[in-house]
Colleague: 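What follows is a single structure, and I will ask about it in a moment.
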Protein chains: 2
Amino acid sequence: MMTDYIESLQKLAEQFGRLQGIGRKSAMRMAFSVIEMDEADAYEFASAIMEAKQKIHECPVCGNLTDGELCHVCEDETRDRSVICVVEDVKAVMSIEKVREFKGVYHVLHGVISPVNGITPEKIRFRELIERAGQDGVEEVIIATNPTPDGEVTAMYISKYLKPLGVKVTRLAYGVPVGSDLEYADEVTLGRALEGRRDV
Amino acid sequence: MMTDYIESLQKLAEQFGRLQGIGRKSAMRMAFSVIEMDEADAYEFASAIMEAKQKIHECPVCGNLTDGELCHVCEDETRDRSVICVVEDVKAVMSIEKVREFKGVYHVLHGVISPVNGITPEKIRFRELIERAGQDGVEEVIIATNPTPDGEVTAMYISKYLKPLGVKVTRLAYGVPVGSDLEYADEVTLGRALEGRRDV
């Protein structure tokens with residue numbers, strides 16, 4: 001292939017190809033887009049990568065992403081700390097925040113328990129959840145893991161550990177289509193799912 | 001939206017969103033991919049952007065991209081300089097090179113004549129083509145613009161100017177599906193189109 005001869009173009013396309021869900025043709029197309037930018041724009045792009053990577057880290061309280069000290073939810077004094085919504089990843093936080101209906105705080109697991117893939121509770125932020133849920137003032141934990149088999153297993157596991165602590169444990173109502181990802185749920189569906197949450 | 005609160009993530013997603021054909025959701029997904037990389041990988045990515053942008057330029061002979069002095073085709077002494085294949089863009093060079101059947105050299109127009117879009121012959125590398133084709137030793141010009149209305153207009157226009165110079169002017173055979181882009185043609189089809197090229 002000709003691009004083998006343009007080493008720096010090939011290298012750039014490989015970098016794009018390492019991003020989640022980007023195939024070879026798309027990666028090359030994106031590399032060309034960069035070549036067509038003017039130099040200042042390319043510099044801005046490269047800087048945005050480094051800046052995001054350097055500034056963004058996990059919120060020490062909930063595991064959400066932030067470039068401040070705490071994430072914007074934990075920082076917000078009007079949020080109700082007695083209700084913790086447990087999610088698999090940061091994208092789920094974004095999806096639920098979009099509904100503008102949930103006033104509690106989050107706990108991001110950064111994964112789900114998955115025996116098939118060897119993901120045990122120790123590999124996700126499970127212990128941190130049990131610690132948080134055991135603190136004074138926590139009344140309800142809403143489990144909003146994805147409606148997939150692993151998400152269900154994780155929900156059951158969490159519920160088993162939290163109930164003895166005297167915390168109310170609920171699960172998002174099945175308003176969300178089974179087998180899908182929260183990220184793709186529309187806002188109305190997610191809103192209904194929040195309203196209709198049930199005891200586990 | 002929550003990401004409005006993570007300024008550096010939002011900025012990175014905007015940068016991805018500026019790439020050709022990338023929508024908002026894909027851009028955000030790619031920004032997350034970067035956050036999930038380790039720091040060395042993110043640095044490598046950012047460097048690849050700057051390096052490609054700084055090193056890659058147009059070949060002074062044919063307009064193809066290169067990070068050397070001449071492009072790899074013009075640099076190759078075994079290529080037949082008596083046959084010039086005229087293409088719209090660098091992607092078309094890549095497509096034809098993949099066939100490994102064409103032994104001549106290229107001329108990249110960087111566009112097509114398009115009266116509707118106000119693209120006149122002066123705005124593409126048309127004058128350079130006429131100059132090259134008028135040089136001693138050039139026997140044939142194969143016009144391989146895309147089989148679109150603008151590509152056809154450009155082919156006709158080029159043909160009109162080149163014929164008086166005594167150069168044989170041919171057009172890729174319609175093996176390539178009409179209305180599409182050379183980039184998507186499979187290698188067999190492109191090979192046939194080269195073989196069956198006809199006088200214009």
Side-chain angles (χ1 to χ4, degrees), chain A residues 1-16 18-22 25-26 28-39 41-56 64-68 71-73 75 89-91 93-94 96-98 183-184, chain B residues 1-9 11-16 18-22 25-26 28-39 41-56 64-68 71-73 75 89-91 93-98 183-184:
Chain A
M1 215 175 118
M2 170 207 143
T3 43
D4 294 337
Y5 295 92
I6 311 182
E7 202 193 329
S8 44
L9 183 64
Q10 192 63 34
K11 267 165 73 180
L12 179 56
E14 273 164 26
Q15 291 292 334
F16 279 114
R18 291 167 71 175
L19 300 175
Q20 201 195 337
I22 301 300
K25 280 227 159 172
S26 304
M28 186 50 79
R29 201 174 267 278
M30 287 190 256
F32 272 115
S33 281
V34 169
I35 302 304
E36 284 160 10
M37 289 179 179
D38 57 42
E39 184 132 358
D41 287 343
Y43 180 77
E44 210 183 317
F45 189 7
S47 306
I49 289 173
M50 288 315 294
E51 195 182 311
K53 186 62 206 166
Q54 282 160 356
K55 285 194 180 168
I56 296 173
N64 190 7
L65 291 182
T66 178
D67 52 9
C71 78
H72 82 284
V73 177
E75 210 171 42
D89 55 31
V90 175
K91 287 169 201 161
V93 175
M94 290 172 59
I96 296 173
E97 282 296 279
K98 262 196 256 176
E183 197 186 353
Y184 299 111
Chain B
M1 213 175 119
M2 171 208 141
T3 44
D4 294 339
Y5 295 92
I6 311 182
E7 202 194 330
S8 44
L9 183 66
K11 266 164 75 180
L12 180 56
E14 273 164 24
Q15 291 292 334
F16 279 114
R18 291 167 71 175
L19 300 176
Q20 202 195 335
I22 302 301
K25 280 226 160 172
S26 305
M28 185 51 79
R29 201 173 267 278
M30 286 189 257
F32 272 115
S33 280
V34 169
I35 302 305
E36 284 160 11
M37 286 178 182
D38 57 43
E39 183 132 0
D41 287 343
Y43 179 76
E44 210 183 316
F45 189 6
S47 306
I49 289 173
M50 288 315 293
E51 195 182 313
K53 187 62 208 167
Q54 282 160 356
K55 285 193 179 168
I56 295 173
N64 191 6
L65 291 181
T66 179
D67 53 8
C71 77
H72 82 283
V73 178
E75 211 169 43
D89 54 32
V90 175
K91 287 169 201 161
V93 174
M94 290 171 60
S95 301
I96 295 174
E97 283 297 279
K98 261 196 256 175
E183 196 186 354
Y184 299 111

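Labels below follow one simple rule: chain letters A, B, ... track the order of the sequence lines, proteins then strands, and each chain is numbered from 1. We use all heavy atoms of the structure for the numbers below, so side chains are in, but hydrogens, waters and symmetry mates are not. This one's a predicted model, so the numbers in the text were calculated from it and none came from an experiment.
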Colleague: Considering non-hydrogen atoms only, spot the tightest contact between A:Ile22 and B:Met30 and give its length.
Modeller: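 The answer is CD1-SD, 3.9 Å.
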Colleague: For chain B, which of A:Gln54, A:Glu75, A:Lys55, A:Met50 has the most heavy-atom pairs under 4.5 Å?
Modeller: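 Answer, by heavy-atom pair count under 4.5 Å with chain B: A:Met50.
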Colleague: Identify which part of B:Glu44 has an atom lying under 4.5 Å from any heavy atom of chain A, answering side chain, backbone, both or neither.
Modeller: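 Looking at B:Glu44, backbone and side chain both touch chain A.
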Colleague: Between CD1 of B:Ile56 and CD of A:Glu36, what distance do you get to the nearest 0.5 Å?
Modeller: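 Reported to 0.5 Å precision, the distance equals 11.0 Å.
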Colleague: Please report the interatomic distance CZ(B:Phe16) to CD1(A:Ile49), rounded to the nearest 0.5 Å.
Modeller: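 Output value for this atom pair is 5.0 Å.
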Colleague: Kindly compute the distance separating CD (B:Glu51) from NZ (A:Lys11), expressed to the nearest 0.5 Å.
Modeller: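 These two atoms lie 4.0 Å from each other.
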Colleague: Could you report the tightest heavy-atom contact between A:Leu12 and B:Ala52, atom names first, then the distance?
Modeller: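 Answer, listing the atom of A:Leu12 first, then B:Ala52: CD2-CB, 3.8 Å.
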Colleague: Just so I know, are the side chains of B:Asp41 and A:Arg18 near enough to count as touching, which here means a heavy-atom distance under 4.5 Å?
Modeller: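 Yes. Closest side-chain heavy atoms under 4.5 Å.
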Colleague: Ignoring hydrogens, what is the shortest heavy-atom contact between B:Asp67 and A:Ser8? Give both atom names and the distance.
Modeller: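 Here B:Asp67 and A:Ser8 meet closest at OD2-OG, 2.9 Å.
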Colleague: Any chance you could measure A:Phe32, atom CZ, to B:Lys91, atom NZ, to the nearest 0.5 Å?
Modeller: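 Answer for the CZ-NZ pair, A:Phe32 versus B:Lys91, is 6.5 Å.
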Colleague: Identify which part of A:Asp38 has an atom lying under 4.5 Å from any heavy atom of chain B, answering side chain, backbone, both or neither.
Modeller: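 Just the backbone, heavy atoms under 4.5 Å.
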Colleague: Once rounded to the nearest 0.5 Å, what's the spacing between atom CD of A:Gln15 and atom CE of B:Met37?
Modeller: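 CE of B:Met37 is found 6.5 Å from CD of A:Gln15.
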Colleague: Examine whether an atom of A:Ile96 lies under 4.5 Å from a heavy atom of chain B, and if so say whether it belongs to the side chain, the backbone or both; otherwise answer neither.
Modeller: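 Neither part.
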Colleague: Would A:Lys53 count as a cation-pi partner of B:Tyr43, with NZ or CZ less than 6.0 Å from the six-membered ring centre and within 45° of the ring normal?
Modeller: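 The answer is no, since A:Lys53 fails at least one limit relative to B:Tyr43.
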Colleague: To the nearest 0.5 Å, how far apart are CE in B:Met28 and CE in A:Met94?
Modeller: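 Going from CE on B:Met28 over to CE on A:Met94, the span is 4.0 Å.
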